[in-house]
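Some notes on the structure that comes next.
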Amino acid sequence: MCTFITATLPASADTPRFRALVQEHGLAFAPLHNAHVSALLTPSERYYRATRAQCDCRCSLPGPPHRRPLNAQVAALRAKGWSESKIDKWRRSKEPGPPRETVRAAHEPSYDTWVGFLTAALALDEVRHVGLLKHDYRGAIDDEAVPFTRAPRTLAEVRERSLVWLEDVLYEVRDPARYERW
């Protein structure tokens, strides 16, 4: 069970200029093929794995104040048939510590990185929106059904840090200063 941040873009947005921004901000935006998610997208949208991190469980996009209790997560792992040694190893991986934080800093973008990336990307003519979706996967990222809802949000909300990034909500971030109609 891991959280991943995936993304949507208009098909026309994946240009060399956009790719340069992705690289500059240490992101991935690697094409992702998930038939369940693709069925919920418009024909002009493309789906991507947003980060290069192994997982986004400790992502910097602020979520709701309460996560599922650790005991409930352990019970779910047991129900999936995980051994006690595997569960112990998983528990240790969730504990904060210097080695884990070093890895996080190298591969997981900070909130300021996300703001900088979204600001730069939405300044490109070909990028009308960037959709970001957090989901706690129980299966494979390219096969699991992800029932999400859409929520248009402004770049100003992201900059002001007033947005709580809920799971299973595709936040379509736009800059209304550039476009009158959403």
Side-chain angles (χ1 to χ4, degrees), residues 2-64 104-137 140-182:
C2 277
T3 298
F4 290 97
I5 299 172
T6 56
T8 61
L9 290 173
S12 60
D14 198 355
T15 65
R17 291 189 322 161
F18 177 79
R19 284 281 148 207
L21 286 176
V22 167
Q23 185 75 18
E24 179 184 325
H25 289 88
L27 298 171
F29 277 77
L32 184 58
H33 304 286
N34 178 316
H36 304 286
V37 173
S38 295
L40 300 172
L41 300 178
T42 67
S44 64
E45 288 179 301
R46 298 297 177 265
Y47 190 51
Y48 301 88
R49 170 76 201 282
T51 71
R52 293 186 294 157
Q54 183 176 354
C55 73
D56 298 310
C57 289
R58 296 178 182 227
C59 77
S60 60
L61 300 178
R104 178 178 184 230
H107 296 289
E108 296 178 11
S110 69
Y111 194 82
D112 289 337
T113 298
W114 280 112
V115 171
F117 168 74
L118 290 169
T119 300
L122 293 171
L124 297 174
D125 291 334
E126 56 271 22
V127 182
R128 294 186 64 103
H129 77 273
V130 175
L132 295 176
L133 172 67
K134 281 184 2 180
H135 178 71
D136 188 20
Y137 286 84
I141 190 171
D142 59 354
D143 189 41
E144 185 168 328
V146 182
F148 63 86
T149 59
R150 292 177 183 261
R153 292 295 186 256
T154 66
L155 183 56
E157 288 176 286
V158 176
R159 285 183 181 142
E160 295 163 1
R161 297 176 185 255
S162 63
L163 182 59
V164 174
W165 298 81
L166 300 174
E167 289 185 10
D168 299 336
V169 177
L170 177 62
Y171 291 101
E172 295 176 331
V173 182
R174 302 171 191 266
D175 186 356
R178 293 194 58 222
Y179 303 102
E180 288 182 30
R181 292 180 42 170
W182 288 37

**OP:** Would you mind reporting whether Val169 and Leu133 have side-chain heavy atoms less than 4.5 Å apart?
**Re:** no
Original post:
If you take all heavy atoms of Ala121 and Val130, which pair is closest and at what distance?
Top reply: CB-CG2, 4.4 Å
Subject >> Atom pair CH2/SG of Trp165 and Cys59 - distance to nearest 0.5 Å >> reply: 9.5 Å
**OP:** Determine, for Arg174 against Glu172, whether the closest basic-nitrogen to carboxylate-oxygen distance falls under 4.0 angstrom.
**Re:** yes
**OP:** Under the side chain to side chain contact (heavy atoms under 4.5 Å, CB included) rule, what do Val146 and His36 come out as? Steps first, then yes or no, please.
**Re:** CA-CA 7 Å; Val146 182; His36 304 286; over 6 Å; no
**OP:** Work out which heavy atom in Ser60 is nearest to a heavy atom in Trp114; give both atom names and the distance.
**Re:** OG-CD1, 3.6 Å
Original post:
When rounded to the nearest 0.5 angstrom, what is the spacing between CG in Leu41 and CG in Asn34?
Top reply: 9.0 Å
**OP:** Please list, chain by chain and in numerical order, all residues satisfying side-chain contact (heavy atoms from CB on, under 4.5 Å) with Thr113, sequence neighbours excluded.
**Re:** His25, Pro109, Ser110
Subject >> Interatomic spacing from CG in Leu132 to CG in Leu61 - rounded to 0.5 Å >> reply: 6.5 Å
**OP:** Walk me through it: do Arg159 and Thr119 pass the test side chain to side chain contact (heavy atoms under 4.5 Å, CB included)?
**Re:** CA-CA 9 Å; Arg159 285 183 181 142; Thr119 300; 3.0 Å; yes
**OP:** Looking only at non-hydrogen atoms, find the nearest pair between Tyr171 and Leu166 and report the distance.
**Re:** OH-N, 3.1 Å
**OP:** Show the numbers, then the answer: is there a side chain to side chain contact (heavy atoms under 4.5 Å, CB included) between Thr149 and Asp168?
**Re:** CA-CA 7 Å; Thr149 59; Asp168 299 336; over 6 Å; no
Subject >> Set of side-chain contact (heavy atoms from CB on, under 4.5 Å) partners for Ala140, sequence neighbours left out >> reply: Asp142, Asp143
Original post:
If you look at every heavy atom in Phe148 and Arg150, which pair is closest and at what distance?
Top reply: CE1-CG, 4.2 Å
**OP:** Sequence neighbours left out, what passes salt bridge (charged side-chain N to carboxylate O under 4.0 Å, His left out) with Arg17? Give chain and number order.
**Re:** Glu126
Original post:
What pairs with Arg49 under salt bridge (charged side-chain N to carboxylate O under 4.0 Å, His left out), at least two apart in sequence or on another chain?
Top reply: Asp56
**OP:** Supply the atom-to-atom distance Asp175 CG to Arg128 CZ, rounded to the nearest 0.5 angstrom.
**Re:** 11.5 Å
Subject >> Criterion side chain to side chain contact (heavy atoms under 4.5 Å, CB included) against Phe29, the qualifying member of Thr6, Asp14, Leu21, Leu9 >> reply: Leu9
Subject >> Separation of Phe4 CZ from Gln54 CD (nearest 0.5 Å) >> reply: 8.0 Å
Subject >> Other residues, nucleotides, ligands: >12 heavy atoms within 6.0 Å of Glu24 CD >> reply: yes
Subject >> Side-chain touch Leu170/Thr8, heavy atoms, less than 4.5 angstrom >> reply: yes
Original post:
Hey, are the side chains of Glu45 and His129 touching, using non-hydrogen atoms and a 4.5 Å cut-off?
Top reply: yes
Subject >> Partner set under side-chain contact (heavy atoms from CB on, under 4.5 Å) for Ser12, not counting sequence neighbours >> reply: Pro10
Original post:
Does Ser38 have any side-chain hydrogen bond (donor to acceptor under 3.5 Å, both in side chains) partners at least two apart in sequence or in another chain, and if so, which?
Top reply: none
Original post:
Less than 4.0 Å between a side-chain N and a carboxylate O, is that true for Asp112 and Arg161?
Top reply: yes
Subject >> Glu157 side chain vs Thr154 backbone, donor-acceptor pair below 3.5 Å >> reply: yes
Original post:
If you round to the nearest 0.5 Å, how far is CG of Leu32 from CZ of Arg46?
Top reply: 13.5 Å
